[in-house]
Amino acid sequence: MISLLCITIISLTLAGSTYCQSASPSSLTVKTELGGNATLPCRLGSLEDLFFGKVTWIKVAKDESENEDVLVDMGLHKRTYGNFENRASLVDLDVGDASLVLTEVSMEDMGRYRCEIIDGMDDIVQEVILEVENGLTEGVVFPYFPHHGRYNMNFDDAVQTCASQDAAVASYDQLLEAWKDGLDWCNAGWLSDGTVQYPITKPRHPCGGANSSPGLRSYGRRNKQMSRFDVFCYASKLKGHFYWLVQPDRLSYDEAVQACRDDNAEIAKVGHIYAAWKLEAYDRCDAGWLADGSVRYPISRPRKNCSPTEAAVRFVGFPDKKVKSYGVYCFRADQ
């Protein structure tokens with residue numbers, strides 16, 4: 001058995017990654033958490049020489065004919081590919097560091113990667129194994145559509161929308177685990193791999209047929225720019241305090257925003273209310289404004305007049321922001 005020496009990287013660039021080096025210097029294992037960032041090490045042989053060559057990163061498959069291109073850097077020409085587009089970059093090639101940085105890591109990213117450096121002098125080939133630790137117990141998946149209605153977001157819209165709610169687009173694995181935990185939703189949404197799916201625990205006619213089996217219904221990969229769907233977001237464990245702000249009167253939206261500010265907080269986002277409900281068992285039968293202009297309330301203990309049949313974050317809608325019919329949920333981040 002080869003013993004491993006694990007080194008935790010402590011720097012802003014490599015934060016969140018751990019790598020293990022075996023007796024062979026060409027064999028590395030990097031570990032990161034689902035939804036986090038990872039840095040896959042690869043350096044030039046000599047940091048004193050100027051680099052005028054080519055760096056290629058690929059994801060290696062068991063059948064090498066199925067390898068995936070990740071990134072190519074030839075100085076003036078740089079390109080990322082497929083699912084790695086806008087998520088992959090190099091640390092700093094100018095100082096000889098061709099390490100690959102991946103953001104928003106999903107379970108699909110797990111596997112073996114190969115770094116190839118060709119500079120005309122010392123060609124380097126380095127393989128790195130990326131392991132993704134499943135952090136599903138530290139987060140919650142929730143379906144989302146914006147105020148202008150269902151099936152109105154392309155993939156880029158979906159990414160920005162989840163980010164605006166302090167969340168990220170959920171991965172297939174995250175949605176699968178949420179389905180196993182009882183998530184049932186009859187509207188299709190984007191996932192991080194570019195597919196469109198929805199989870200069904202109780203088969204019925206409008207949702208794939210009453211005689212179909214429970215599971216994830218898939219529309220497959222869709223055109224990220226032209227297709228329009230909802231999205232499934234993933235919110236991590238709260239890094240702060242989510243709470244109902246006690247007020248003597250009901251508030252308009254603008255008054256709700258200001259009330260949270262006056263309490264040294266911000267109006268809570270949808271990701272905050274779902275994380276508090278699912279991970280902290282937050283329960284309150286009062287409808288309150290959230291940052292996106294929606295009104296919701298979290299019920300972890302089903303009861304009459306609140307959510308009689310199931311634990312859920314109840315959705316009231318996107319009311320006129322001028323109405324004074326609701327309270328507000330606030331969020332104060334950890335200092």
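Predicted model only: the values in this text are computed from it and were never measured.
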Mind checking what makes side chain to side chain donor-acceptor pair (under 3.5 Å) contact with Lys59, not counting sequence neighbours? none
Take Tyr219 and Phe229, measure what ring-ring contact (aromatic ring centres under 6.0 Å, His included) needs, and give me the verdict at the end. CA-CA 11 Å; Tyr219 288 7; Phe229 294 95; 5.7 Å; yes
Return the OH to CG distance between Tyr198 and Leu216, rounded to the nearest 0.5 Å. 10.5 Å
Can you run down the salt bridge (charged side-chain N to carboxylate O under 4.0 Å, His left out) pairs that involve residues 196-216, sequence neighbours left out, and say none if there aren't any? Asp184-Arg204
In plain terms, say whether Asp292 and Arg296 are close enough for a salt bridge, that is, a side-chain N and a carboxylate O under 4.0 Å apart. yes
Which residues pass the side chain to side chain donor-acceptor pair (under 3.5 Å) test with Ser212, not counting sequence neighbours? Arg217
Hits for side chain to side chain contact (heavy atoms under 4.5 Å, CB included) against Ala276, two or more places apart or cross-chain, chain-then-number order -> Leu238, Phe242, Glu280, Tyr282
What residues, two or more places apart in sequence or in another chain, satisfy side chain to side chain donor-acceptor pair (under 3.5 Å) together with Ser227? none
Could you pull out all residues at least two apart from Ser65 that satisfy side chain to side chain donor-acceptor pair (under 3.5 Å)? Asp63
So, using ring pair (Phe, Tyr, Trp, His ring centres under 6.0 Å) as the criterion, who are the partners of Tyr297 when residues are at least two apart? none
Once salt bridge (charged side-chain N to carboxylate O under 4.0 Å, His left out) is applied, what residue pairs with a partner in residues 326-335 remain, sequence neighbours excluded? Asp263-Arg332
For residues 305-319, run the donor-acceptor check on the side chains, cut-off 3.5 Å, and write out each pair with its distance to 0.1 Å, sequence neighbours left out.
from	atom 1	to	atom 2	distance (Å)
Ser307	OG	Glu310	O	2.5
Ser307	OG	Arg314	NH1	3.4
Glu310	OE2	Arg314	NH1	3.4

Go through it in stages, so that I can follow the logic: the residues are Lys269 and Asp166, the test is salt bridge (charged side-chain N to carboxylate O under 4.0 Å, His left out), and I'd like the CA-CA distance, side-chain angles, deciding distance and then a yes or no. CA-CA 7 Å; Lys269 299 176 180 178; Asp166 202 34; 5.4 Å; no
Kindly state each residue pair satisfying ring-ring contact (aromatic ring centres under 6.0 Å, His included) with at least one member in residues 59-100, sequence neighbours excluded. none
Give me each pair satisfying salt bridge (charged side-chain N to carboxylate O under 4.0 Å, His left out) with a member in residues 220-233, each pair once, sequence neighbours excluded. Arg150-Asp230
Residues two or more places apart in sequence or in another chain: which of them pass ring pair (Phe, Tyr, Trp, His ring centres under 6.0 Å) with Tyr144? none
